[in-house]
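First the structure, in the form of structure tokens, and then the observations on it.
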Amino acid sequence: MSLVDVTDLTVEFGALRAVDGLSFRLEEGAALGLVGESGSGKSTVASALLGLHRGTGATVGGSVRVAGTDVGTASDEELRRLRGGRAAMVFQDPLSSLDPYYAIGDQIAEVYRVHTRVSRRAARARAVRVLERVGIPDPVRRSRSRPHEFSGGMRQRALIAMALACEPDLLIADEPTTALDVTVQAQILDLLHTLREETGMGLLLVTHDVGVAAESVDEVLVMRHGRLVEHGPVGAVLAAPAQPYTRELLGAVPRVEARRTAGEQPSEKSGGPLPDARRPDADGPRADSVRADGPRADGRRAVAGPSDEVVLEAHGLRREFGRGKRALAAVDGVSLTVRRGETLGVVGESGSGKTTLGRMLVGLLEPTAGEVRYEGRVSSGVNPAVQMVFQDPVSSLNPRRSVGESIADPLRARARGGRGARGGRARDETAVRARVTELLERVGLEAAHYDRYPHEFSGGQRQRVGIARALAADPSVIVCDEPVSALDVTTQAQVVALLGELQRELGLALVFVAHDLAVVRQVSDRVAVMRRGRVVEEGPADEVYESPRDPYTRQLLAAVPALDPAVAARRRAERRRAERREPALT
Amino acid sequence: MSEAVTEAAAEAALASRAPGTDPASVPGASGARQFWRRLRAQRAALVAAVVVALLLLVALAAPLLTAIEGQDPTTYHPSLIDSARGGVPVGPLGGIDGDHWLGVEPQTGRDLFARLVHGARVSLGVALAATVIQVALGVTLGIAAALGTRWVDQLLSRITDIFVALPLMIMSLALLAIVPANFPRPVLVTLVIGLLSWGNIAKVVRAQTLTLKGLDYVSAARLSGWGTRRIARRELLPGLAAPVITYAALLVPQNITVEAALSFLGVGVKPPTPSWGQMLTAADVWYQAAPQYLLLPAGALFVTVLALTVLGDGVRTALDPRAASRLRVGTGRRREHRADTAAEKETSS
Amino acid sequence: MSGFGGLPGFVLRRGIGTVLTLFAISVIVYVVFYVTPGDVAQITCGPRCSPAQVHQVAEQLRLDEPLHVRYWHFIEGLVVGQDYSTGTSVEHCRAPCLGLSYQSDQQVTGLILAKLPVSLSLVFGAMVLWLILGIGTGVLSAWRRGRLTERLLTALTLAGTATPVFVIGLILMIVVCGELQLLPFPQYVNLTDDPEQWAWNLLLPWLSLALIEAASFARLTRSSMLETLAEDHIRTFRAYGVGERSIIGRHALRGAFAPVIALNANNFGSAVGGAVLTETLFGLPGIGQELVHAVNVVDLPVVVGMVLVIGFFVVLANAVADVLYAVADRRVVLS
């Protein structure tokens with residue numbers, strides 16, 4: 001009998017069918033990856049395995065058997081025994097997944113005591129043992145800490161320890177590394193791998209990241225809109241996808257090994273439309289609306305490729321937060337140059353200061369020391385010529401103003417500042433509307449979107465609006481702060497392609513701030529690697545990626561999940577060796 | 001006495017204690033229409049709104065209503081009370097008859113109906129006017145603290161803290177003692193309540209302004225080249241409307257209770273001006289002879305505060321459906337709502 | 001990161017803040033009360049004072065001296081005590097001296113100390129009741145969410161929040177003491193004299209004050225628990241087979257701690273206001289009743305003294321609550 005046997009599973013939330021006729025099996029000790037973009041229903045499947053939809057108002061159809069328990073018909077008591085006892089779950093956000101008020105060890109002990117009749121003391125001892133097993137140093141002391149005293153990676157380890165407490169047959173991991181930095185992600189994936197080798201438990205890994213799946217599972221199941229798209233051995237599916245959607249998904253995944261193809265982008269990446277009319281938030285710009293020769297009001301000529309002229313410079317930038325003894329330098333002496341028409345990638349993990357640096361470059365934050373120069377002159381405060389595209393497509397647009405109004409802001413501000421004339425207000429208004437319409441169309445939206453509100457758009461579309469707003473100021477530099485990290489991979493590819501096109505066409509300089517090494521390589525001419533407020537390495541992208549000088553850069557690159565399971569296994573071995581060699585870096 | 005308000009204040013205090021940028025708490029765009037739709041969907045809030053509207057109508061039409069009855073709230077009717085029995089109203093049921101619809105006041109013989117409807121005028125008028133003062137002060141100082149320099153913020157926040165800590169009833173009691181008796185009492189009570197208890201709303205406004213200020217769309221507006229004033233007007237103020245309205249809706253019943261309490265203690269609105277709280281001062285002595293003298297003002301207070309509280313809750317739900325929906329478990333919408341959130345989680349995963 | 005390391009510093013900062021707040025309150029109260037419009041001496045003394053009495057009051061208030069000097073004397077009296085002439089003799093008023101009552105020539109400090117036990121009995125007794133009733137009701141309605149119990153409790157607590165404390169007190173008194181005659185009309189008995197009678201006589205005042213406050217605690221407890229129940233970590237424990245009893249009693253209730261503490265501080269001021277009403281209504285000889293009396297006869301030193309003492313308790317309660325809050329939610333200290 002299989003460990004997991006799902007037949008014709010359907011989950012409906014009211015009128016929404018989140019999972020639609022899904023069947024699969026997972027044998028004892030095997031590892032299956034559920035891969036899909038947001039809205040594919042993959043997490044709903046994971047919850048269904050533990051019967052977590054019971055009592056929530058969701059309608060579950062079909063049958064689910066896990067470790068011999070029929071989840072659909074089991075009594076509440078049987079279900080409780082299954083949860084945590086036979087099958088344990090690890091969640092995405094390790095901070096919110098633990099009770100903030102109790103010590104980690106107590107929480108693990110509590111779960112253990114639900115399934116095993118032992119004393120409090122014995123349960124605490126068990127908690128310490130599993131914490132030690134997942135690699136928490138000084139587990140006796142750390143078991144008394146609360147979740148907020150742990151780092152992100154440690155918290156995820158603690159959650160895995162909780163899962164291990166009752167020695168389950170199946171581990172369900174729902175996006176276990178999505179909230180983590182890439183080096184920490186590698187550690188957690190390695191840990192999962194080791195534990196699976198040692199305990200022989202089965203693994204069901206839910207992830208949006210094909211690379212994470214390639215690293216960790218034997219079989220992969222691709223989902224879309226609640227349905228199965230493709231199911232097979234991970235090597236086969238990733239190397240030779242049979243379904244068009246799988247091919248499209250894989251094609252959109254940025255590869256850290258691939259050199260940037262300057263100038264000509266492959267056609268499927270340049271905002272290629274997804275033939276998808278069913279989903280309302282599908283992010284397919286119409287191919288004909290993305291014109292390569294968008295009209296320009298000011299007639300500035302398109303510049304192809306970067307020039308040597310420096311537009312933006314940072315000199316010894318430093319920024320502290322807090323005062324006195326508790327002051328912390330988020331950015332600590334960073335000097336950079338950005339040339340006209342080039343893309344400078346700034347890559348770093350959380351806490352590296354990259355966002356703070358971006359905000360200082362556009363003048364939203366005043367540096368504590370050092371200066372920003374625009375075209376050779378020291379600039380302080382905001383400068384219309386240096387614009388920004390923000391990370392969060394939700395909070396970057398005012399929900400109470402139509403997107404047209406938001407895009408028109410820079411135009412209106414300039415009209416006010418420039419002329420101050422009373423007459424011609426109506427003419428101005430017409431000109432503004434015309435220009436906004438032009439910008440909307442340029443970024444792949446429609447003129448009719450002018451009067452719509454942000455909540456009517458998908459994440460990718462909102463990011464396009466953000467780009468249009470930045471363009472409205474006629475900038476020569478755009479700082480993009482994690483512009484695609486909140487987007488699905490296919491949408492991500494489209495937005496990246498759009499930025500590339502705009503750059504070539506308008507001669508824009510881009511500063512592309514991101515945590516994703518592959519995306520940064522895909523867009524950048526030059527790359528700066530940041531760590532703890534400093535730039536540890538800077539240079540042409542290919543040089544940095546192919547022959548990194550700094551050990552931290554090497555560590556980062558080694559941690560990026562590979563799409564080829566064979567490569568992934570080799571990298572894992574390399575990481576283990578590197579860890580023995582340079583343990584201080586983690 | 002101001003449970004709903006303090007509860008909201010506690011929530012606001014929590015919000016400001018654990019600052020977090022939660023763009024999801026910013027209500028959606030289509031504003032007023034959506035608000036009305038959501039408010040109408042709540043039956044209890046709708047009933048409360050009707051009750052509040054009726055009360056306002058009664059308060060506005062008080063002179064007209066008493067004219068129809070043919071009485072006024074201040075005329076003594078010594079003939080209608082039995083001074084031999086200590087001043088109880090003559091006749092059954094506390095003196096109810098065709099001329100005096102709800103009977104007369106013990107001891108004075110003043111018409112009870114007239115005093116009750118004129119009392120509504122005083123209660124609602126004082127409460128609403130005090131709310132206007134509180135909101136004006138709170139919004140101004142809250143925004144100033146959030147947008148000002150560090151020193152301005154420190155100073156205003158400390159002042160706000162002091163006003164939050166001041167016990168409102170005690171300070172009002174004391175202040176009302178020292179103002180000359182010829183100052184019009186309803187205006188005085190309004191001023192005292194309004195000027196003393198704006199602290200919590202200022203805190204709420206400051207916290208919300210700080211949250212909004214940190215949102216990316218405000219940064220984007222700065223990058224467009226607009227100045228602080230325009231950004232405050234276009235990007236910040238609309239975002240403050242929801243919490244301010246919510247809070248103001250909760251302040252009105254609080255103010256009604258405070259006014260009633262002060263008048264009950266004999267330091268608020270003084271005779272001959274009628275007020276519900278003041279009518280209750282002597283009610284315990286007369287409850288056997290004229291039960292309506294106790295029950296009517298008490299009932300009026302209860303219904304008014306209840307209706308305003310329910311309406312306030314409804315307004316909050318309509319303005320911030322996400323926060324409210326978490327608490328909505330138990331109504332008929334439970335299933336849909338759970339489904340919504342589950343679907344939401346799935347799409348955002 | 002050490003979770004608890006910042007706490008002493010936090011307590012210190014909060015303590016300094018409390019002292020500053022008290023100082024500010026004393027300045028405000030002093031300025032407001034002694035820079036009143038009109039003839040201060042006349043107002044202070046009351047409308048029936050003779051010119052000689054008014055003159056005496058003016059002298060006692062040192063009205064010829066500038067305000068800050070007078071305030072200094074007031075603080076001096078608080079810290080080291082002061083001598084007062086009462087016409088013929090000189091009376092020493094020991095620190096903390098809040099001056100002399102114009103009605104009775106008694107020392108305000110002594111007056112307050114005599115009344116304080118009554119008020120403390122009322123407020124703290126009621127506080128125990130309202131916390132038990134409020135949190136209990138809140139937990140019950142969160143546990144039985146979606147069922148009849150919850151709806152009934154929700155309706156009850158809503159009615160509770162809408163009833164002014166003097167209305168519920170009046171009704172309780174009339175029904176319990178007047179109609180049913182289950183209890184005699186309350187008369188304060190000292191705790192030290194007869195604890196049983198003390199409690200029986202305070203039962204109705206406690207109930208009237210506590211029922212109203214309990215309603216808001218029930219609402220807050222319920223809403224905080226429901227909010228916690230919607231959080232991710234509850235899902236974790238559900239997914240690990242932890243039972244509903246433990247989820248409600250251990251995890252959801254813990255999430256309601258901090259808000260309840262914050263509310264208790266926030267409500268303390270209004271509860272003290274409620275205590276004034278309760279004392280007046282039931283005729284309990286506490287600070288509140290004395291304050292209302294002093295206000296009605298415009299006995300300013302008594303009013304100022306009482307406002308300061310009550311303000312002291314409220315500000316202190318707020319500070320204690322802040323520290324408790326920090327202990328309950330240690331992340332506060334860190335941020």
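The sequence lines fix the lettering, A, B, ..., with proteins before strands; numbering per chain opens at 1.
Taking the ring axis of C:Tyr240 as reference, the NZ or CZ atom of A:Arg83 does not stay both within 45° of it and closer than 6.0 Å to the ring centre.
For A:Arg319, the CZ atom counts as densely surrounded, since its 6.0 Å shell holds more than 12 non-hydrogen atoms of other residues, nucleotides or ligands. Heavy atoms from other residues, nucleotides or ligands lying under 6.0 Å from CZ of C:Phe312 number 12 at most. No more than 12 heavy-atom neighbours from other residues, nucleotides or ligands sit within 6.0 angstrom of CD on A:Glu132. A:Phe321 CZ: more than 12 foreign heavy atoms inside a 6.0 Å radius.
The backbone N or O of A:Ser97 sits less than 3.5 Å from a side-chain atom of C:Thr236, completing a donor-acceptor pair.
Every residue was checked against the salt bridge (charged side-chain N to carboxylate O under 4.0 Å, His left out) condition with A:Asp93, not counting sequence neighbours, and none meets it. C:Thr21 pairs by the side-chain hydrogen bond (donor to acceptor under 3.5 Å, both in side chains) definition with nothing, not counting sequence neighbours.
In this structure, the portion of C:Phe237 lying under 4.5 Å from any heavy atom of chain A is its side chain and not its backbone. For A:Gln107, the parts sitting under 4.5 Å from any heavy atom of chain C are the backbone and the side chain alike. In this structure, no portion of A:Ala165 lies under 4.5 Å from any heavy atom of chain C. Contacts between A:Leu79 and chain C at a heavy-atom distance below 4.5 Å are absent for every atom of the residue. Looking at A:Asp174, neither its backbone nor its side chain comes within 4.5 Å of chain C, counting heavy atoms on both sides.
Put simply, CG on C:Leu253 and OH on A:Tyr101 are 11.0 Å apart, with the number rounded to the nearest 0.5 Å. Rounded to the nearest 0.5 angstrom, A:Met89 CE and C:Arg235 CZ are separated by 6.5 Å.
Among A:Cys166, A:Ser145, A:Gly85, A:Ala163, the residue with the largest count of heavy-atom pairs under 4.5 Å with chain C is A:Ala163. The most heavy-atom pairs under 4.5 Å with chain C, out of A:Ser47, A:Ala87, A:Ser96, come from A:Ser96. In terms of heavy-atom pairs under 4.5 angstrom with chain C, the leader among A:Asp99, A:Val114, A:Leu50, A:Leu82 is A:Asp99.
Residues of residues 242-250 of chain C placed with any heavy atom under 4.5 Å of a heavy atom in chain A are listed by number as C:Val242, C:Gly243, C:Ser246, C:Arg250. Residues of residues 128-143 of chain C having a heavy atom under 4.5 Å from any heavy atom of chain A: none.
Aromatic ring centroids of A:Tyr102 and C:His251 lie under 6.0 Å apart.
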